[in-house]
Structures are given as C-alpha cells and as structure tokens.
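As structure tokens, the structure follows; a few thoughts come after it.
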Amino acid sequence: KAGVTQTPRYLIKTRGQQVTLSCSPISGHRSVSWYQQTPGQGLQFLFEYFSETQRNKGNFPGRFSGRQFSNSRSEMNVSTLELGDSALYLCASSLAAWVTGSNTEAFFGQGTRLTVV
Amino acid sequence: AQTVTQSQPEMSVQEAETVTLSCTYDTSENNYYLFWYKQPPSRQMILVIRQEAYKQQNATENRFSVNFQKAAKSFSLKISDSQLGDTAMYFCASPSAGTYKYIFGTGTRLKVLA
C-alpha cells in the first residue's frame with residue numbers, strides 16, 4: 001500500500017513568487033492535514049480537509065491557501081513568498097473522520113523543503 | 001484548550017541503555033488517544049506507539065513502551081536497548097477531534113551514542 005506522497009521534495013523560490021505543493025494521501029484516506037515545521041516554531045497546523053471541505057485553518061495569513069480534490073489529493077499554495085516561509089511542509093492523511101475519541105492515526109509524507117531566497 | 005508539553009529539548013543515551021522521554025498534556029475530551037511520533041533525519045514522521053486513554057494497560061511495541069498516568073496527565077516514552085537508529089526527534093501528539101488537528105509537543109531530540 002503506497003504511503004503519503006508529497007511533491008516536490010525540495011523547492012527554492014524567490015521572495016514574491018508563489019508556490020504550489022502537492023499531497024497524495026493513502027488510498028481510502030479522506031482527511032488531509034498540512035503542517036509547517038520550522039526549528040523555531042515547531043509543528044504548526046495550517047489546515048485540514050475532508051471530502052473537499054476545509055474544516056479548520058490555522059493561524060496563518062491569507063497568503064496560505066489550500067484545496068482538496070474529489071480523489072482526496074490536496075494542494076497548498078503560498079503566494080507572495082517571504083523569507084520566513086522557508087520551512088518543511090508536512091502533509092498527513094488519516095482514515096477516520098475525526099469522531100471524538102477515534103483512533104485518528106496520522107500518516108505523514110516525507111515533506112517538501114521550501115527555501116525562499 | 002488542548003495542550004501537549006515536552007520539557008526536554010535534547011537528550012542523549014548510550015547504545016543499549018534505556019532512556020525515558022517525558023510528555024504532559026491537557027485535554028477536555030473524555031476519551032482520547034496519545035501518540036509518540038519519531039522523525040529521523042530523513043524527515044519522515046513515523047508512528048512509534050499509541051495509547052487510548054480508556055485503557056489502563058500501558059502500550060508496548062517491542063523496545064518501546066509508555067508510562068501513561070491519566071490522573072497526572074503524563075505520557076512518557078521509554079526506549080529500551082537503545083540503538084543508533086533510534087536517533088531522531090520524538091514528538092508527543094494528541095488528535096483534537098473538535099478542531100480536526102493534531103496537537104504536537106515541541107519535540108525532544110534524542111541522540112544515541114555508540
């Protein structure tokens with residue numbers, strides 16, 4: 001069974017550009033979450049999607065957006081890149097629909113390392 | 001609000017020795033799960049072990065076990081017979097059903113010394 005696939009693995013962009021990151025979840029998983037990981041801030045939640053609906057968004061500016069397609073694949077977009085956006089972006093998929101107390105194990109991709117210069 | 005706290009930024013242990021990583025949490029949910037994830041230098045987050053709050057028995061997975069103290073809201077990870085491949089960042093985490101996200105601790109960087 002294929003794991004969570006994130007593309008690309010590495011990206012170098014210039015300030016002011018925009019970038020799109022892709023995440024293909026494990027087959028059958030409908031919940032996809034995105035996290036930003038930096039040495040100073042740790043893992044910060046960006047957003048979560050389920051059946052093409054964004055159910056929660058973290059405390060990030062509007063330059064960060066995302067979407068989920070009918071096949072559960074998800075993309076996130078960052079516009080007008082800033083140096084501070086340099087980070088590892090992790091995608092996680094899970095099977096459960098976040099029922100309270102559910103065994104909502106997250107399966108992570110290898111991440112996309114974004115460097116903004 | 002749900003919180004997860006890891007108070008040990010870095011730890012080291014000699015190969016074959018035992019090490020314990022600490023985690024405390026707070027939650028308003030009645031039933032919940034707690035996870036330990038490992039992130040080696042390859043960056044892939046891997047689930048190490050999970051614990052359901054309603055189960056009194058501490059979870060065990062080979063060399064990894066937890067000490068779950070529900071009243072104290074403590075969830076520590078014990079690694080026995082440490083191996084060089086255990087060198088990684090370890091994150092304590094809990095899913096927050098109300099907000100559809102995982103709450104992560106800040107991580108503990110573990111280095112296993114030969």
Side-chain angles (χ1 to χ4, degrees), chain A residues 3-6 9-10 23 26 29-51 53-60 66 68 74 87-114, chain B residues 1-10 21 23 25 27-55 59 61 64 66 68 70 88-109:
Chain A
V4 179
T5 303
Q6 290 188 247
R9 294 285 307 278
Y10 302 91
C23 172
I26 292 173
H29 286 194
R30 296 164 66 188
S31 172
V32 175
S33 306
W34 288 88
Y35 293 82
Q36 182 195 65
Q37 185 178 19
T38 59
Q41 299 296 320
L43 282 149
Q44 291 192 292
F45 171 76
L46 280 157
F47 14 68
E48 189 267 355
Y49 290 91
F50 183 82
S51 294
T53 300
Q54 185 185 89
R55 297 192 294 186
N56 194 11
K57 187 176 191 292
N59 189 24
F60 280 83
Q68 185 181 36
S74 178
L88 178 66
Y89 290 87
L90 291 169
C91 168
S93 76
S94 64
L95 180 63
W98 290 93
V99 175
T100 300
S102 65
N103 183 6
T104 318
E105 176 185 346
F107 294 82
F108 285 84
Q110 288 192 288
T112 295
R113 171 76 67 189
L114 172 64
Chain B
Q2 195 159 343
T3 60
V4 176
T5 303
Q6 293 178 253
S7 59
Q8 304 154 312
E10 292 187 2
L21 281 57
C23 173
Y25 65 93
T27 180
S28 57
E29 298 184 9
N30 293 323
N31 190 22
Y32 50 91
Y33 280 77
L34 295 163
F35 300 100
W36 276 99
Y37 281 91
K38 167 185 176 181
Q39 187 180 39
S42 67
R43 308 176 336 204
Q44 180 103 45
M45 292 271 271
I46 303 163
L47 180 67
V48 174
I49 198 166
R50 80 188 77 194
Q51 175 78 43
E52 183 179 3
Y54 272 141
K55 289 188 177 178
E61 289 285 344
F64 299 88
V66 300
F68 176 51
K70 190 173 182 180
M89 281 287 285
Y90 287 81
F91 292 95
C92 179
S94 181
S96 172
T99 58
Y100 310 109
K101 66 180 180 181
Y102 297 88
I103 310 298
F104 286 92
T106 50
T108 296
R109 186 178 302 279

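Residue numbers start from 1 in every chain, and the chains themselves are labelled A, B, ... in the order their sequence lines are given, proteins ahead of strands. No experiment lies behind these values; they were computed from the predicted model shown.
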- Item | Residue among A/Gly58, A/Gly109, A/Ala106 with most heavy-atom pairs under 4.5 Å to chain B | A/Ala106
- Query: Regarding B/Arg50 and the six-membered ring of B/Tyr33, is the cationic atom NZ or CZ under 6.0 Å from the ring centre and inside 45° of its axis?
  - Reply: no
- Can you say whether B/Tyr54 sits under 4.5 Å from chain A via the side chain, the backbone, both, or neither, judging by heavy atoms? neither
- Message: Are A/Phe45 and A/Phe47, when compared by the centres of their aromatic rings, separated by less than 6.0 Å?
- Response: no
- Task: Heavy-atom distances under 4.5 Å only: say whether A/Gln41 touches chain B with side chain, backbone, both or neither.
- Result: neither
- B/Lys101 with A/Glu48: basic N within carboxylate O range, under 4.0 Å: no
- Would you say the ring centroid of B/Phe91 lies under 6.0 angstrom from that of B/Phe35? no
